[in-house]
Amino acid sequence: MLKIQNISVKISNSIILKNIDMYIKRGMITCIMGKNGMGKTTLLETIIGHHRPYLGHINYNGVNISKLLPYERAKLGLAYVPQGREIFPRLTVKENLFTGLSIKNNDYKLDTEVLSLFPILSEMLDRYGGDLSGGQQQQLAIARALLMRPKVLILDEPTEGIQPSIIKIIKDVIVHVKEVKKTTIVLVEQYFDFVQDIADEVVIIDRGKVFKSGKVKILKDKNIKNILAV
Ligand SMILES: Nc1ncnc2c1ncn2[C@@H]1O[C@H](COP(=O)(O)OP(=O)(O)O)[C@@H](O)[C@H]1O
Ligand SMILES: [Mg+2]
């Protein structure tokens with residue numbers, strides 16, 4: 001469904017991603033793993049159009065989207081939950097959710113189905129985004145992305161700095177949108193057990209290159225454990 005072919009990216013003259021090849025399968029959960037600074041966030045940002053690769057291209061359902069702007073990719077169904085969440089602190093929860101909808105025309109209704117996945121948000125619609133806890137903000141960021149009814153949900157370290165009870169909610173939501181909504185999921189994650197629980201496919205990134213990719217069971221390889229060891 002999403003084919004990343006030979007992508008190379010430079011940021012201020014240093015090469016950050018080198019000849020990345022990756023295939024994201026429809027309806028699957030693909031987890032991108034790797035230590036800090038290896039290029040995981042840059043890879044997601046390249047997929048959604050925040051970086052222009054100097055080599056390679058990205059095909060989505062057979063269409064070359066490499067030249068499309070981020071909002072055009074969003075219209076095609078790619079939704080992004082950034083690392084650090086990027087909630088608008090001075091907007092209310094409800095207003096933050098509406099920013100996710102602005103990509104769709106004439107559709108300013110909050111989807112009760114999405115809200116029902118996050119009961120805590122429904123109780124906090126008029127609170128400021130900045131007053132929410134980290135875990136509540138992460139739920140808000142995911143809800144905001146889901147309101148676009150994406151075909152591909154792309155998340156950058158959704159469990160980072162989040163307490164276990166909220167991680168459980170996030171895991172259940174991700175599995176729900178995969179199983180019930182048939183949404184394709186791509187997530188960067190360093191939390192090993194979380195990946196082992198939910199991933200179908202994994203891609204290991206090391207110093208800007210794909211070290212290895214395959215079914216989740218490759219995480220058991222000793223080489224891969226070494227690459228991921230902090
Ligand atoms: N805006 C930027 N300017 C310069 N270097 C950057 C920028 N963004 C990322 N980098 C560098 O690119 C590399 C990969 O970063 P990143 O994709 O954020 O890694 P990860 O998400 O795997 O921790 C790092 O060495 C980082 O310092
Ligand atoms: Mg990152």
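In each ligand, atom 1 is the first atom listed, and ligand 1 is the first ligand listed. Positions are given from 1, in the same order as the sequence printed here.
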Under 4.0 Å from atom 19 (O) of ligand 1, do we find at least one protein heavy atom? yes

Listing by chain and number, what protein N/O/S atoms are under 2.8 Å from the Mg ion (ligand 2)? T41 OG1, Q83 OE1

Closest non-hydrogen protein atom to atom 23 (O) of ligand 1, residue and atom name please, with distance? G37 N, 2.7 Å

May I ask you to decide if R73's main-chain N or O and Y60's side chain share a donor-acceptor pair within less than 3.5 Å? no

Carboxylate-amine/guanidinium contact D197 K171, below 4.0 Å: yes

Show me which atoms of ligand 1 lie under 4.0 Å from any heavy atom of K35. 22 (O)

Donor on one side chain, acceptor on other, N19 and N6, under 3.5 Å: yes

Got a donor-acceptor contact below 3.5 angstrom from the Y54 side chain to the I7 backbone? no

Under 4.0 angstrom from ligand 1, any heavy atom of G39? yes

Closest heavy-atom pair, I47 versus I4, reported as atoms and distance to 0.1 Å, is CD1-CD1, 3.9 Å

Contact summary for I87 and A141, nearest pair of heavy atoms: CD1-N, 3.8 Å

K215, K217, K178 screened by salt bridge (charged side-chain N to carboxylate O under 4.0 Å, His left out) with D200, the one that passes: K178

Ignoring hydrogens, tell whether any protein atom lies closer than 4.0 Å to atom 26 (C) of ligand 1; use the non-hydrogen atoms only. no

Show me which atoms of ligand 1 lie under 4.0 Å from any heavy atom of N36. 23 (O)

D221 side chain to N223 backbone, donor-acceptor under 3.5 Å: no

Check whether any N or O atom of K40, backbone or side chain, sits under 3.5 Å from an N or O atom of ligand 1, and answer yes or no. yes

Option with minimal heavy-atom separation from atom 7 (C) of ligand 1, where the choices are T41, V9, I11, I16: I11

Output the list of atoms in ligand 1 that are nearer than 4.0 Å to some heavy atom of M38, sorted by atom number. 19 (O), 20 (P), 22 (O)

Testing the basics here: between V210 and D21, what is the closest heavy-atom pair and its distance to 0.1 Å? CG2-O, 3.6 Å

Does E189 use its side chain to pair, donor to acceptor, with the backbone of Y191 at less than 3.5 Å? yes

If you compare all heavy atoms of N96 against all heavy atoms of R144, which two are closest, and at what distance to 0.1 Å? O-CD, 3.1 Å

Name the closest protein heavy atom to atom 16 (P) of ligand 1, giving the residue it belongs to and the distance to 0.1 Å. T42 OG1, 3.7 Å

